[in-house]
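Worksheet for the structure shown next.
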Amino acid sequence: MQSDNDAAWMRAALALAHEAAQAGEVPVGAVVVKDGAIIGRGRNAPVAGHDPTAHAEVVALREAARHLGNYRLDGCTLYVTLEPCAMCSGAMLHARLARVVFGAQDPKTGVAGSVLDLFAEPRLNHHTCIEGGVLADECAALLQHFFSQRRRAQRAQAQPLRDDALRTPAERFAGLQGLDATPRMVNDLPALAGLRLSYRDEGPPDAPRTWLLVHGPQGWSHQFQALASALRDAGDRVLAPDLIGFGRSDKPKKESAHSLAWHGQVLLELLERLAARQVVLVAQGAPWAWALPLQSPARFAGLLVLPAPVLRGAAWEAPFPDAGHRAGPRALARLQAQAEEAPPDEALRRFWQTGWSGPRPLVQGPAAAVLGRVEPLGDTPTLQVLARRAVEYFRP
């Protein structure tokens with residue numbers, strides 16, 4: 001019988017499932033509860049740990065047993081976002097759990113009623129109460145989103161490289177601290193015309209706010225490691241693409257392949273594909289991106305302008321083994337310089353100064369005249385302080 005607190009405990013398990021997804025693991029989370037308190041937490045980690053037993057339930061059971069000093073978990077309830085498999089169910093029965101509550105059904109390997117019902121086996125010497133379907137839609141949606149993104153990434157990885165482009169070898173990125181091991185890839189956006197775009201997508205896909213982090217000609221998504229983590233930890237969704245010609249995205253050989261309008265169209269198509277709403281644009285050294293809210297005002301909730309970073313050493317050199325791979329940085333730097341020398345775009349100026357109804361842009365560093373009135377951050381804060389101020393400023 002479902003308890004009034006089941007949804008709350010399942011949300012704690014869902015938070016762990018989100019952490020698993022961000023680590024590239026199948027998003028399953030679990031918690032063990034006794035006397036109204038969590039005594040064990042776990043998220044899927046078989047890939048990272050090279051451990052076939054490191055399912056969320058087993059990790060949570062191990063922590064709970066250490067907490068109690070006993071491998072028998074009498075009087076405990078385990079909450080897990082996905083119907084348990086045979087291995088985990090056996091561990092639960094052996095632990096003498098009083099109750100198991102799961103979210104989404106698993107029609108392929110679930111043994112709490114889908115493939116078979118191990119918990120109803122009368123010949124076993126312990127019988128654990130089982131309850132399914134708690135926050136089932138939310139648990140299933142997280143899994144569906146994860147596998148949908150994985151299928152897209154697999155298709156993108158298999159996409160042949162265009163003859164007029166280069167692709168940085170994966171080993172160039174090995175050893176960069178904090179870098180995602182499994183970036184997401186997309187190559188079927190219309191504007192890409194078969195080129196492969198790499199991007200980070202972290203945090204809950206249904207978060208009320210999404211941060212789009214756009215780099216300039218002297219950077220790529222790696223520059224956002226700390227900022228992205230701070231924004232994600234605040235409960236928001238974070239998208240950080242490598243523009244075509246940068247990072248782990250494909251790199252056209254000719255500078256003429258690049259235009260500011262084309263890069264903007266790619267980003268807008270990516271936001272549409274990912275169903276991103278209430279987007280706060282973070283333009284770090286990319287003033288051309290200020291035009292994105294003008295082109296799709298209903299999608300954006302604000303603009304945060306940051307000064308361009310200067311990446312040096314391995315962090316900058318990794319995507320660019322030679323001069324041939326650097327057509328993107330050369331082209332984007334030239335295009336930005338040309339745009340800055342030209343008269344301010346009147347339509348863009350009118351949009352920000354009179355047509356924008358959302359929060360005024362929050363700017364760290366000198367503000368361009370085109371933005372009109374802005375809310376400066378003052379002295380340069382740490383990234384954690386910056387993230388906290390920005391989260392509060394753009395709160396939905």
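Counting from 1, the numbers follow the sequence of the chain as shown.
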Determine, using the 4.5 Å side-chain heavy-atom cutoff (strictly less than), whether V80 and F147 are members of one ILVMFWY cluster.
yes
Heavy atoms of V26 and R150 approach each other most closely as CG2-NH1, 4.5 Å
Separation between NE2 (H18) and CG (L14), nearest 0.5 Å, reads 5.5 Å
Summary of salt bridge (charged side-chain N to carboxylate O under 4.0 Å, His left out) pairs that have at least one residue in residues 203-229, sequence neighbours excluded
R209-D236
Value for CG (L212) from CZ (R237), rounded to nearest 0.5 Å, stands at 10.5 Å
N5 side chain to A8 backbone, donor-acceptor under 3.5 Å
no
For the backbone of V47 and the side chain of E25, can you confirm whether one donor and one acceptor N or O come within less than 3.5 Å of each other?
yes
Would you please indicate if the ring centroids of F320 and W220 are separated by under 6.0 Å?
no
Could you give me the CA-CA distance, side-chain angles and deciding distance for V280 and F300, then say whether side chain to side chain contact (heavy atoms under 4.5 Å, CB included) is met?
CA-CA 6 Å; V280 178; F300 286 86; over 6 Å; no
Are more than 12 heavy atoms from other residues, nucleotides or ligands located less than 6.0 Å from atom CD of Q336?
yes
Please find the pair of heavy atoms, one from R72 and one from N70, that lie closest to each other, and give the distance.
N-OD1, 2.8 Å
Using modelled atom types and a 3.5 Å cut-off, is there a donor and acceptor pairing between side-chain atoms of N44 and backbone atoms of A56?
yes
Verify whether one side chain among S114 and D106 offers a donor that lies under 3.5 Å from an acceptor in the other.
no
Between E255 and R334, is there a salt bridge with N-O shorter than 4.0 Å?
yes
Quick one: does any side-chain atom of S89 pair with a main-chain N or O of C85 as donor and acceptor, under 3.5 Å?
yes
Whether D74 and K34 form a salt bridge (side-chain N of Lys/Arg under 4.0 Å from carboxylate O of Asp/Glu) is what I want to check.
no
Whether the S256 and H258 side chains hold a donor-acceptor pair (N or O, under 3.5 Å, no angle test) is what I'd like checked.
no
Measuring from M185:CE to S198:OG, what's the distance to the nearest 0.5 Å?
4.0 Å
Side chain to side chain contact (heavy atoms under 4.5 Å, CB included) between L192 and V266: does it pass, once the steps are laid out?
CA-CA 7 Å; L192 289 175; V266 170; 3.8 Å; yes
Looking only at side chains, do D6 and Y79 share a donor and an acceptor under 3.5 Å apart?
yes
For the backbone of R123 and the side chain of E121, can you confirm whether one donor and one acceptor N or O come within less than 3.5 Å of each other?
yes
Specify the closest pair of heavy atoms between L176 and A318, including all atoms of both residues, with the distance to one decimal.
CD1-CB, 3.8 Å
For the residue pair L195 and L197, establish whether any side-chain heavy-atom pair is separated by less than 4.5 Å.
no
Is there a side-chain contact between K251 and T168 (heavy atoms, below 4.5 Å)?
yes
Hey, does M10 have a side-chain heavy atom less than 4.5 Å from the side chain of T81?
yes
Would you say the side chain of S249 lies within less than 4.5 Å of the side chain of L243, judging by non-hydrogen atoms?
no
Can you tell me how far the CD atom of E202 sits from the CD atom of E19, to the nearest 0.5 Å?
12.0 Å
Could you tell me whether D137 atom CG has more than 12 heavy atoms of other residues or ligands within 6.0 Å of it?
no
Under a 3.5 Å distance rule, please check whether T128 uses its side chain to pair with a backbone N or O of L93 as donor and acceptor.
no
With hydrophobic residues grouped by side-chain heavy-atom distances under 4.5 Å, do L362 and L231 end up in a single group?
yes
Give a yes or no on whether the backbone of G42 and the side-chain of E63 come within a donor-acceptor separation of less than 3.5 Å.
no
Identify whether L348 and V374 are in the same connected component of the hydrophobic contact network (ILVMFWY, side-chain heavy atoms under 4.5 Å).
yes
Nearest heavy-atom pair of L268 and S296: which atoms, and what distance?
CD2-CB, 4.0 Å
Using distance alone, with no hydrogens and no angle criterion, decide if R62 and T53 have a side-chain donor and acceptor under 3.5 Å apart.
yes
Quick check: do P27 and L143 have side-chain heavy atoms less than 4.5 Å from each other?
yes
CD1 on I38 to SG on C76, rounded to 0.5 Å
12.0 Å
Evaluate the side-chain proximity of E57 to L78: yes if any heavy-atom separation is below 4.5 Å, no if none is.
yes
Evaluate the side-chain proximity of D242 to Y199: yes if any heavy-atom separation is below 4.5 Å, no if none is.
no
I'd like to know if the side chain of W352 and the backbone of W290 have a donor-acceptor N/O pair within less than 3.5 Å.
yes
Please confirm whether H127 and F119 have ring centers closer than 6.0 angstrom.
no
Sorted by chain and residue number, the side-chain contact (heavy atoms from CB on, under 4.5 Å) partners of Y71 (sequence neighbours excluded) come out as H94
Working for side chain to side chain contact (heavy atoms under 4.5 Å, CB included), residues V28 and H55:
CA-CA 8 Å; V28 179; H55 286 197; over 6 Å; no
Run the side chain to side chain contact (heavy atoms under 4.5 Å, CB included) test on R273 and D188 for me, step by step, so that the C-alpha distance in whole Å, both residues' side-chain angles and the decisive distance to 0.1 Å come before the verdict.
CA-CA 10 Å; R273 167 66 58 80; D188 59 349; 2.9 Å; yes
Is it possible for you to say whether L82 and L61 belong to one hydrophobic cluster, with membership spreading through side-chain heavy-atom contacts below 4.5 Å?
yes
Treating Q223 as the side-chain partner and H215 as the backbone partner, does any N or O pair qualify as donor plus acceptor under 3.5 Å?
no
Correct closest heavy-atom pair for V282 and W211 would be CG2-CE3, 3.6 Å
Whether R330 side chain and A323 backbone form a donor-acceptor pair below 3.5 Å
yes
Can D164 and K254 be counted as an ion pair, charged N to O under 4.0 angstrom?
no
Under a single-linkage definition using a 4.5 Å side-chain heavy-atom cutoff for Ile, Leu, Val, Met, Phe, Trp and Tyr, are L306 and F394 assigned to the same hydrophobic cluster?
yes
Considering all heavy atoms of both residues, which atom of A315 and which atom of H222 are nearest to each other, and what is their separation?
CB-CD2, 3.7 Å
Do V214 and W288 touch side chain to side chain, with heavy atoms closer than 4.5 Å?
yes
Inter-residue atom distance E340.CD - L335.CG, 0.5 Å rounding:
11.0 Å
Sidechain N-carboxylate O distance under 4.0 Å for R299, E272
yes
